[in-house]
There are 2 protein chains.
Amino acid sequence: MASRPTMEDVAARAGVSRALVSLVMRGAPNVSQARRDAVFKAARELGYSPHVMARSLASRTSTVLGVMVSDLHNPFFAEVVDGLEAVTRKAGFELIINTGRRTPAGERQAVRSLLSFRPAGMVLLGPAVETAEIKAAAEQVPVVLVARSTRLRSADTVNDDGRAGSELAVDHLVGLGHRRIVHFDGGRGSQSALRRRGYVDGMKKHGLQPSVIRSEYTDVAGAKAVRTLLEQDEPLPTAIVAANDVNAIGAISALEEAGLRVPDDVSVIGYDNTSLSTLAHVGLSTVDQPREVMGRLAAQAVLERVRDGRTEPVRHLLHPKVIQRETTAPPPSDSAR
Amino acid sequence: MASRPTMEDVAARAGVSRALVSLVMRGAPNVSQARRDAVFKAARELGYSPHVMARSLASRTSTVLGVMVSDLHNPFFAEVVDGLEAVTRKAGFELIINTGRRTPAGERQAVRSLLSFRPAGMVLLGPAVETAEIKAAAEQVPVVLVARSTRLRSADTVNDDGRAGSELAVDHLVGLGHRRIVHFDGGRGSQSALRRRGYVDGMKKHGLQPSVIRSEYTDVAGAKAVRTLLEQDEPLPTAIVAANDVNAIGAISALEEAGLRVPDDVSVIGYDNTSLSTLAHVGLSTVDQPREVMGRLAAQAVLERVRDGRTEPVRHLLHPKVIQRETTAPPPSDSAR
DNA sequence: GAGTCCGATTAGAGCGCTCTAATAGTGATG
DNA sequence: CATCACTATTAGAGCGCTCTAATCGGACTC
């Protein structure tokens with residue numbers, strides 16, 4: 001495990017100064033072809049590659065972008081990361097990813113850890129962490145939030161209109177004839193309040209009684225919410241607006257385990273339109289968020305702050321739409337109230 | 001966006017030397033309580049946090065572990081990362097994750113990018129990248145491979161016995177009465193050759209004719225393999241041994257789209273036992289790999305090299321087992337050869 | 001042949017930190 | 001009260017790099 005060669009080593013081997021090697025490595029224009037070749041040759045022979053962190057320390061700049069993923073298990077984020085990567089790679093930045101392990105405390109750690117690399121910017125995907133923490137980060141470095149809204153002028157946001165999305169989900173179910181529609185919410189998760197409000201507003205709009213069951217953005221929580229439902233005395237709802245796709249799938253699993261058929265007995269609609277819902281075997285009806293586009297927009301936003309020095313906040317608000325697949329259908333005929 | 005405070009700033013504010021601040025930050029024992037408190041107070045007031053990279057530059061050590069995830073979309077890796085995090089966090093190391101975007105070229109970039117941070121060690125999850133690249137990395141830093149075998153003495157490995165696992169899958173299907181069993185392989189993906197061999201060996205052991213369809217570790221590829229199957233003249237197989245869970249789910253989706261029922265018409269068994277397969281709605285029969293344990297073992301292996309200076313390679317080989325759920329059943333009765 | 005330019009090259013300081021070696025401080029000891 | 005034995009603190013060099021300012025070496029002019 002020989003210690004890696006440094007610029008000094010390359011310089012010695014190529015018979016030039018360290019400064020010249022630095023120029024060559026950065027592709028400076030005024031270097032003679034002969035020296036340039038000699039430096040590259042020496043670098044190749046030694047297996048040299050620049051020490052990014054020493055570079056950023058010396059240059060007081062960084063090409064690193066930190067990405068905090070609140071839940072690595074949710075495919076939604078993997079798809080956003082795809083969009084992020086596409087844009088940032090092209091712009092010559094590097095992504096480093098950290099996970100929040102589904103808890104605010106974990107997210108806090110992840111954000112701080114990312115910050116300790118002194119990145120040029122940060123993108124937080126679905127953060128559930130306190131606003132204070134986000135604010136602190138945004139004071140040090142440009143921050144873009146995805147799937148989380150904020151009033152902070154120092155952070156940009158990329159969101160879909162979660163209120164509208166949930167309302168659309170309700171409209172869709174009401175359109176199919178449902179009246180007893182329950183919402184499993186995202187608990188303390190990001191955007192959960194908005195989706196809940198959209199659901200409540202939608203229900204009221206149709207003159208229906210909203211009913212929210214506290215849940216989370218995980219399959220386990222979705223299954224648990226169903227069990228809560230089954231233990232209640234009240235008649236079962238004919239439809240569920242789940243917090244997100246993962247939650248919906250957990251719910252469907254629990255329903256089927258309880259001998260209920262989806263959508264014959266109960267309709268379920270998710271949220272996010274992740275790859276999960278696309279699978280024909282799952283065939284989850286859901287509300288679409290354009291995940292890859294969101295990643296791209298987030299990357300552009302952070303680059304605008306980093307490279308172009310923009311300081312005015314940007315708020316991207318995308319319009320959700322319902323994707324009907326096989327988990328929503330008219331309610332069973334005997335369910336008329 | 002004020003530039004972040006440095007150790008010098010903290011020292012000035014606390015009325016001590018920079019060296020003392022450094023000692024306090026590292027929790028050195030021989031510092032008076034009074035000074036220690038003063039330093040922490042000043043640090044807090046300034047919002048100071050140490051610059052990890054300057055630290056590792058100066059100390060010639062690193063607490064960073066690089067993790068290359070070949071496919072962020074595959075939940076298998078998210079679960080391995082859970083195990084990695086649990087162990088490394090406790091040991092005071094930080095994880096930085098990079099993705100290979102499902103291509104060898106992407107993995108190469110990711111590995112190099114990770115290396116440019118001069119991490120203490122690297123863990124490659126399911127790498128499909130060339131051995132030469134792995135070897136080059138292993139010359140600079142301890143490397144642990146998960147879900148990929150190698151002969152390199154410079155790298156540790158954590159694997160399940162893919163050959164045995166596939167053979168078990170075949171045994172399971174044969175035990176149910178299947179005889180026309182097809183394998184969708186993992187193409188150039190890691191461990192794919194081993195799983196293929198286990199399948200072939202298993203078939204031969206039972207006196208059956210192996211039949212492999214080239215595929216990949218993605219749902220899209222699984223669906224495509226089914227379509228290939230349907231276009232062939234030969235009678236459909238009664239069972240499929242899929243490359244992994246994701247591939248299996250893609251396959252099931254395509255089968256159902258074609259009007260075939262699983263497991264009534266065709267049985268499907270996956271590989272990995274990811275959270276995906278656990279969902280009751282999916283109910284995928286599969287071959288279990290203990291993902292979180294694998295993450296823990298990998299973390300321990302890399303820490304042993306980093307901290308304890310182990311140089312002998314370690315090979316963890318875990319024993320797979322079949323998990324029967326709802327996608328495997330006896331073949332349809334009229335399918336007798 | 002002295003002077004001028006301009007592109008190519010380099011010396012040296014410094015980024016934020018750690019680490020070694022030296023220094024200051026504090027009692028205990030004889 | 002000088003000496004010793006510690007413990008607590010600090011100065012200063014240096015990690016691998018960039019960047020500014022200085023220098024070098026021709027080619028060109030008059």
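Every chain is numbered from 1, with letters handed out A, B, ... down the list of sequences.
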Counting only side-chain N and O atoms of A:Thr6, is one of them less than 4.0 Å from OP1 or OP2 of D:dG16?
-> no
Have B:Arg26 and B:Ser22 got a donor and an acceptor in their side chains that come within less than 3.5 Å?
-> yes
Taking atom P of D:dC15 as reference, at what distance in whole Å does atom CZ of B:Arg118 sit?
-> 15 Å
Starting from the first five and the last five pairs of the helix from C:dG1-D:dC30 to C:dG30-D:dC1, work out the angle between the resulting helix axes, to 10 degrees.
-> 60°
Short side-chain N/O contact to D:dT7 OP1/OP2 from B:Asn30, under 4.0 Å = no
Over how many whole Å does the gap from B:Met53 atom CE to D:dC17 atom P extend?
-> 14 Å
By salt bridge (charged side-chain N to carboxylate O under 4.0 Å, His left out), which residues pair with A:Arg35, not counting sequence neighbours?
-> none
Name all residues meeting the salt bridge (charged side-chain N to carboxylate O under 4.0 Å, His left out) criterion together with A:Glu94; count only those two or more places apart in sequence or in a different chain, and write none if there are none.
-> none
What is the distance from CZ of B:Arg4 to P of C:dC15, rounded to the nearest Å?
-> 17 Å
Starting from C1' on D:dC15, measure out to CG on A:Asp9 and report it in whole angstrom.
-> 13 Å
So, A:Ser149 versus A:Asn159: side-chain donor-acceptor pair below 3.5 Å or not?
-> no
Mind checking salt bridge (charged side-chain N to carboxylate O under 4.0 Å, His left out) for B:Arg89 and listing every partner two or more places apart, or none if nothing turns up?
-> B:Glu85
Grab the CZ-C1' distance between A:Arg35 and C:dT10 for me, whole Å please.
-> 10 Å
Whole-Å gap separating C1' (D:dG12) and CD (B:Glu8) = 12 Å
Rounded to whole angstrom units, what separation is found between the CG atom of A:Leu57 and the C1' atom of C:dG16?
-> 5 Å
Under 4.0 Å protein heavy-atom contact, by nucleotide of nucleotides 18-23 of chain D - B base, S sugar-phosphate only | BB----
B:His51: side chain to side chain contact (heavy atoms under 4.5 Å, CB included) partners, not counting sequence neighbours = A:Leu57, A:Arg118, B:Met53, B:Ala54
Atom-to-atom span, CG of B:Leu20 to C1' of C:dA24 - whole angstrom = 13 Å
Picking from D:dA8, C:dT10, D:dC17, which would you name as closest to the side chain of A:His51?
-> D:dC17
Flag for A:Arg4-A:Ser49: side-chain donor and acceptor within less than 3.5 Å | yes
Looking only at side chains, do A:Asp82 and B:His73 share a donor and an acceptor under 3.5 Å apart?
-> yes
Tightest non-hydrogen contact, residues B:Ser56 and B:Ser62, listed as CB-CA, 4.1 Å
